[in-house]
Amino acid sequence: MAAIPRRKADRRYRQRPPDLARRHRPHAPPRKARICCRGCSPRRRTRWAAIGTARAQRRPSCSPPANRLEVGANAPCQGEPMRLSRYFLPVLKETPAEAQIVSHRLMLRAGMIKQQAAGIYSWLPLGFRVLRRIEQIVHEEQARAGHIALLMPTLQPADLWRESGRYDAYGQEMLRVTDRHKRDLLYGPTNEEMITDIFRSHVSSYRDLPLTLYHIQWKFRDEIRPRFGVMRGREFLMKDGYNFDVDKQAALDAYNRHMVSYLRTYERMGLTAIPMRAASGPIGGDNTHEFLVLAQTGESEVFYDDRVTGLKLGNRAVDYYNPEAVKAVCEEFTSLYARTDETHDEAAFAEVPEAHRKVGRGIEVGQIFYFGTKYSEPMGAMVVNAEGERVPVHMGSHGIGVSRLAGAIIEASHDERGIIWPEGVTPFHCGIVNLRQGDSATDAACEGLYAALQARGLEPLYDDTQERAGAKFATMDLIGLPWRLTVGPRGLQKGVVELTCRRSGESEEMSAEAAVERLGEIYAAHR
RNA sequence: CGGAGCAUGGCGCAGCCUGGUAGCGCGCUGGUUUUGGGUACCAGAGGUCGCAGGUUCGAAUCCUGCUGCUCCGACCA
């Protein structure tokens with residue numbers, strides 16, 4: 001019985017052009033019944049502050065299992081072989097000629113990526129693991145801030161972009177394609193138009209606000225000159241999110257919330273990313289900050305008070321549903337001078353005490369914007385406010401360069417021997433080096449560690465190949481696992497294995513059980 | 001898009017100027033050796049010299065066109 005009306009509704013939506021379907025919406029069946037699951041009362045939806053509570057209450061029926069974030073393109077690697085003899089890790093002894101900067105060279109040498117065309121890369125297993133770890137942190141921090149994941153397509157109809165006027169404005173950087181019916185499509189460089197279209201199709205009341213939707217999807221910008229490996233590719237993976245709010249103040253609260261969630265996201269990746277006032281570019285809007293990781297190879301010149309690099313969010317709990325608390329954190333992180341060359345102000349910079357005045361270079365790893373009604377107005381994304389007036393929704397957008405981060409992290413964390421992964425994004429939690437492959441006691445000890453670490457929820461990479469010790473060490477150093485367990489007959493006679501920190505180079509001998517325990521503790525601190 | 005350069009086994013390169021049918025190192029395969037920081041030796045496999053045309057008895061090499069990639073600049077997450 002329920003199936004018949006649904007089918008009718010489907011037909012109605014399919015046959016009408018989008019604008020008619022939209023005009024028809026007031027008579028459409030209540031959408032809440034369609035988007036919510038059976039266990040939830042549609043009437044429970046209310047303003048943001050209350051939604052937090054309502055969501056928590058209905059979690060058992062509404063919330064997907066925690067691991068649902070990892071399906072599809074983000075599928076976990078769990079279960080894949082993690083012993084080197086059965087893995088695919090094509091490391092290179094020599095550096096390919098095309099790589100100029102250190103992260104690009106190391107990613108190629110460590111077998112993380114392979115270039116397929118200018119600015120377009122395959123992600124080999126090791127690189128793919130890093131990419132997924134980065135994605136996972138982004139997802140977790142978005143969820144923590146109350147933002148909701150969806151997935152929009154890579155290809156978009158040109159008509160949507162004609163509505164906003166950006167189809168012509170965007171220029172050569174946008175990759176345009178034509179399908180067999182001669183319809184104009186484009187490979188999305190960003191998604192403001194599409195998300196606005198989704199919003200206007202389904203939301204019409206301030207009671208459904210605030211709302212922040214995001215996705216992590218491949219984008220394409222046809223850069224004139226791609227370079228620096230994945231740091232400036234043409235195809236790139238990006239988290240982009242969009243907030244919808246009833247007025248400017250609420251939208252600025254969302255802006256601040258994003259700033260804090262981004263700070264936490266970068267910190268978890270082992271990065272110090274400084275929010276800097278920025279120029280808005282083709283997205284538009286006045287209120288915008290870029291997040292920059294300091295690195296000599298950065299593409300932007302940055303001017304800053306060096307005390308900003310000491311600011312840390314750490315483990316402090318920030319209540320994302322309390323705009324004042326969120327704003328206070330933002331002020332803490334933005335009151336010291338920090339700007340890119342685009343917005344640099346010599347006079348203001350001169351007021352920074354000379355001892356703290358620093359000029360350097362930075363890699364941009366994210367940007368947040370408030371742009372008000374720039375898209376909602378031309379595209380008719382309206383909501384009825386509490387006073388009963390139809391007003392354009394206030395929006396902002398926010399991006400994190402996911403694939404670029406893989407390169408940026410390496411730029412910020414490497415030495416002459418190779419990569420040094422921060423614990424938060426490492427492709428494997430530790431390496432196991434078997435110094436005497438084929439020796440039954442050594443093999444058994446390694447197998448024991450391999451199993452015990454996995455039982456603790458860790459993912460070790462076990463080098464069970466016939467290589468010499470030197471070659472195994474060199475490979476481990478190159479691929480940058482933060483911890484290494486070295487197992488050989490000499491140590492086993494004393495009942496110990498060796499745990500080495502990649503970053504400091506320090507080693508410590510301990511029993512296998514103690515080493516497993518220790519690694520478990522180290523990674524427990526990075527959850 | 002303006003300027004410059006490169007394209008030769010999987011990777012890094014030599015050979016081209018002065019045309020005679022391809023070589024080195026690493027890697028790979030088999031063997032011996034070695035085994036706590038890229039071991040040594042022996043024997044092998046692997047190349048339409050980016051593509052198309054031209055000159056020539058003969059082209060990796062000289063000429064023309066094309067394609068791809070890289071670097072500098074303007075542009076960008």
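Residue numbering restarts at 1 for every chain, and letters A, B, ... go by the order of the sequence lines. The model shown is predicted, which means the values in this text are computed figures rather than measured ones.
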Practice task
Ignoring the backbone of Arg227(A), work out which of C1(B), G25(B), C75(B) is nearest its side chain.
Solution key: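 Comparing C1(B), G25(B), C75(B) against the side chain of Arg227(A), the answer is C75(B).
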Which value, in whole Å, describes the distance between the [atom1] atoms of nucleotides [N] and [M]?
{"N": "G27(B)", "M": "C11(B)", "atom1": "C1'", "answer": "7 Å"}
{"N": "U70(B)", "M": "G46(B)", "atom1": "P", "answer": "32 Å"}
{"N": "A14(B)", "M": "G38(B)", "atom1": "P", "answer": "28 Å"}
{"N": "G9(B)", "M": "C63(B)", "atom1": "C1'", "answer": "28 Å"}
{"N": "A45(B)", "M": "G10(B)", "atom1": "C1'", "answer": "13 Å"}
{"N": "G50(B)", "M": "U32(B)", "atom1": "P", "answer": "40 Å"}

Exercise for the section: Please collect all ring pair (Phe, Tyr, Trp, His ring centres under 6.0 Å) contacts where either partner lies in residues 398-447 of chain A, sequence neighbours excluded, each pair once. Expected result: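 Every pair satisfying ring pair (Phe, Tyr, Trp, His ring centres under 6.0 Å) with a residue in residues 398-447 of chain A: Tyr87(A)-Phe428(A), His258(A)-His398(A), His429(A)-Tyr523(A).
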Using 4.0 Å as the upper bound for N to carboxylate O, is an ion pair formed by [Y] and [X]?
{"X": "Arg83(A)", "Y": "Glu447(A)", "answer": "yes"}
{"X": "Arg518(A)", "Y": "Glu508(A)", "answer": "yes"}
{"X": "Arg129(A)", "Y": "Glu80(A)", "answer": "yes"}

Which one is paired to [N], where only Watson-Crick or G-U wobble pairs with both distances under 3.5 angstrom count?
{"N": "C62(B)", "value": "G54(B)"}
{"N": "C1(B)", "value": "G73(B)"}
{"N": "U34(B)", "value": "none"}

Problem - Other residues, nucleotides, ligands: >12 heavy atoms within 6.0 Å of Glu506(A) CD - result: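 Open: at most 12 neighbouring heavy atoms sit under 6.0 Å from CD of Glu506(A).
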Exercise for the section: Could you tell me whether Tyr214(A) and His147(A) have their ring centroids closer than 6.0 angstrom? Expected result: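 No; His147(A) has its ring centre 6.0 Å or more from that of Tyr214(A).
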Practice task
Report yes if a side-chain nitrogen or oxygen of Arg225(A) is closer than 4.0 Å to either non-bridging phosphate oxygen (OP1 or OP2) of C1(B); otherwise report no.
Solution key: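 For Arg225(A), the contact criterion (side-chain N or O under 4.0 Å from OP1 or OP2 of C1(B)) is not met.
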Handout entry: Donor + acceptor pair across side chains of Glu364(A), Ser300(A) (<3.5 Å)
Key =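 The criterion, which ignores hydrogens and geometry beyond distance, is not satisfied for Ser300(A) and Glu364(A).
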Practice task
Between protein and nucleotides 34-41 of chain B, map the contacts as a letter string: B base, S sugar-phosphate only, - none, heavy atoms under 4.0 Å, written 5' to 3'.
Solution key: BSBBBB--
